[in-house]
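A quick write-up on the structure given underneath.
Not measured: the values here are computed from a predicted model.
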Amino acid sequence: MSDGQRSSPGTERWRFEADRWDTCWPTVRDGTVYVGSTDGTVYAVDAADGSARWRFETQGHFATTPVVAGETVYVGHRSGGLYAIDTKHGTERWRFDGGKRPIVADATVYTGGRTDGCLYALDAATGDERWRFETDGYVQRSVRTADGTVYVGSHDGSLYALNATSGIERWGFETGDLIRSPPVVAESTIYVKSGDGNLYAVDANDGTEKWRFAVGVGDAPSAVTGSTAYVGGGDGTVYAVDARDGIEQWRFETEGEFRFSPVVVDSTVYVASSDGTVYAVDANSGTERWRFAVGGEIQTAPTVADSSLFVGGHGGIVCAVDANDGTEEWRFEASAGDWSVATLTDSTVFFGNYNGNVYAVARTETGRSGAIEVRDRSDRTGDVEPAEMQAGSCESCGADLPASGESEFCPSCGVHRTCRNCGMNFAERGLDDPAYCPECGAEQ
């Protein structure tokens, strides 16, 4: 669809047919949609019209979510192997045989070892190994970076704090079972869930335990905002816990379980349950504000933007819901298949589907066709080269911006500027679209 055409919200703008079904988040950068497929292929698709720009075949299966930083897209495959690909031409820049999922921060790519329990730090430009840190268990997605420190959880049950430059261990903290979910960094505390059923609050400076709270088995990370940690338990209960002392403030029970982190926006906690329902819960009291039945098992984490909530369900369904009252705004149904997770721009929702298609669905009625990028829902936790955005200009495209803090997105290229939960300005902290807010810990 050309830029001059308009689409009603919830209608298909284009679809791209991949050779195999898609399994990961589409990543949208500079007018291009990057997506990985179960056959190990990475596709670059024009975000405006859905035409193919290039394809790259890895030597494995199940390509992970692409991570784009600068002019390079990083992607791994689950059988072990990491690739750096030129974003313009789709040619290989380097490969690393020992890694899986890439996490990029400060010109470094961090990746867990395939079978050896190591965390590797690689030069983002060359792929050369800078250091490795060995644990006694697998390292999956449980990695975060903040303030010169890498926090990594291992299947050996320990959380480690490492010097980001040297890889030297600063401290280690033992839990009672394996750690699979990424830790949340908020101020001077690290929050991490363990397979022993506890949420731990650990002092970021020395690795001592501040408190623990029993939530039951489950891997979904917590969301921390202000003085409260919100976490979903394995029994379908959502807990609000005082982030300072671990005392329960309230609990809210659903009929399912949680695979996704709670989403906290203003004074509402949104949770997606395996019972096929999205719940909106008052963040202060824990009382239900509304609930919305998707119509099938929920396959995606909910995304809230501009007073709308977006969620996908089993059978190729994606819904836009009014975040204030839970009424359905529109619904899009593809051919049979499960949704992968969604990426938003100002005008378009991009979804991958297990039926082998990538869809661009109109989010708003506008002549713009979705070539701008707002959310890069990859494993990236920081910039390869920290942004130097100044108030009044966008570090990505150079366009004029409103005063700092007045615009959530760049009006020209769509770069995400502020936290959806607490409003912290990422540009002022030298960040470009972090996966988690370093101030409140909310998933972005």
Note to self: In this structure, is the centre-to-centre distance between the rings of F332 and F351 below 6.0 Å?
What the structure shows: no

Item checked: Spacing of OG1 belonging to T11 relative to CZ belonging to R363, to within rounding of 0.5 Å -> 14.5 Å

Note to self: For E328, I'd like to know if atom CD has over 12 heavy atoms of other residues, nucleotides or ligands within 6.0 Å.
What the structure shows: yes

Checklist line | Residue among Y151, F133, F173 satisfying side chain to side chain contact (heavy atoms under 4.5 Å, CB included) with Y160 | finding: F133

Notebook entry, point to check: Is there a donor-acceptor pair closer than 3.5 Å between any side-chain N or O of T32 and the backbone N or O of D46?
Noted result: no

Note to self: Below 30° counts as parallel, above 60° as perpendicular, anything between as tilted: where do the rings of Y83 and F56 land?
What the structure shows: perpendicular

Notebook entry, point to check: Quick one: does T343's side chain have a donor or acceptor within less than 3.5 Å of a partner on F350's backbone?
Noted result: no

Check: If we only count heavy atoms from C-beta on, is the T303 to L344 side-chain gap below 4.5 Å?
Finding: yes

Check: How are the rings of W211 and Y191 set to each other: parallel, tilted or perpendicular (split at 30° and 60°)?
Finding: tilted

Margin query: If we ignore hydrogens and angles and just use 3.5 Å, is the side chain of W250 paired with the main-chain N or O of V238 as donor and acceptor?
Written below: no

Notebook entry, point to check: Under the 3.5 angstrom rule, does the side chain of S158 hit a backbone N or O of G172 as a donor-acceptor pair?
Noted result: no

Note to self: Could you check whether any side-chain heavy atom of I298 comes within less than 4.5 Å of a side-chain heavy atom of F260, counting everything from C-beta outward?
What the structure shows: yes

Notebook entry, point to check: Checking T175 side chain against G157 main chain: does a donor-acceptor pair fall under 3.5 Å?
Noted result: yes

Notebook entry, point to check: Between T27 and V67, is any pair of side-chain heavy atoms under 4.5 Å apart?
Noted result: no

Margin query: Please verify the inter-ring angle class for F213 with Y239; under 30° counts as parallel, over 60° as perpendicular, anything in between as tilted.
Written below: perpendicular

Margin query: Within the 4.5 Å heavy-atom criterion, are V269 and F252 side-chain neighbours or not?
Written below: no

Note to self: Could you check whether any side-chain N or O of Y74 sits under 3.5 Å from a backbone N or O of A124, counting only pairs where one atom can act as donor and the other as acceptor?
What the structure shows: yes

Next item on the list: May I ask you to decide if Y120's main-chain N or O and T111's side chain share a donor-acceptor pair within less than 3.5 Å?
Entry: no

Notebook entry, point to check: Any salt bridge (Lys or Arg N to Asp or Glu O under 4.0 Å) pairs touching residues 292-305, not counting sequence neighbours?
Noted result: R259-E297

Check: Picking from L309, V321, V311, T268, what satisfies side chain to side chain contact (heavy atoms under 4.5 Å, CB included) with V304?
Finding: L309

Check: Counting only heavy atoms not in E174, do more than 12 sit closer than 6.0 Å to its CD atom?
Finding: no

Next item on the list: Among residues two or more places apart or on two chains, list those pairs meeting salt bridge (Lys or Arg N to Asp or Glu O under 4.0 Å) that have a residue in residues 192-214.
Entry: E209-R212

Notebook entry, point to check: Do T348 and R13 have a side chain donor and acceptor closer than 3.5 Å?
Noted result: yes

Item checked: Short side-chain to backbone donor-acceptor contact, D49 and S51, under 3.5 Å -> yes

Check: Once the angle between the rings of Y270 and W290 is folded into 0 to 90°, is it parallel (under 30°), tilted (30 to 60°) or perpendicular (over 60°)?
Finding: tilted

Next item on the list: Could you tell me whether the side chain of L119 reaches within less than 4.5 Å of the side chain of T135, counting heavy atoms only?
Entry: no

Next item on the list: Using a 4.5 Å cut-off on heavy atoms from C-beta on, say whether the side chain of V35 contacts that of F16.
Entry: no

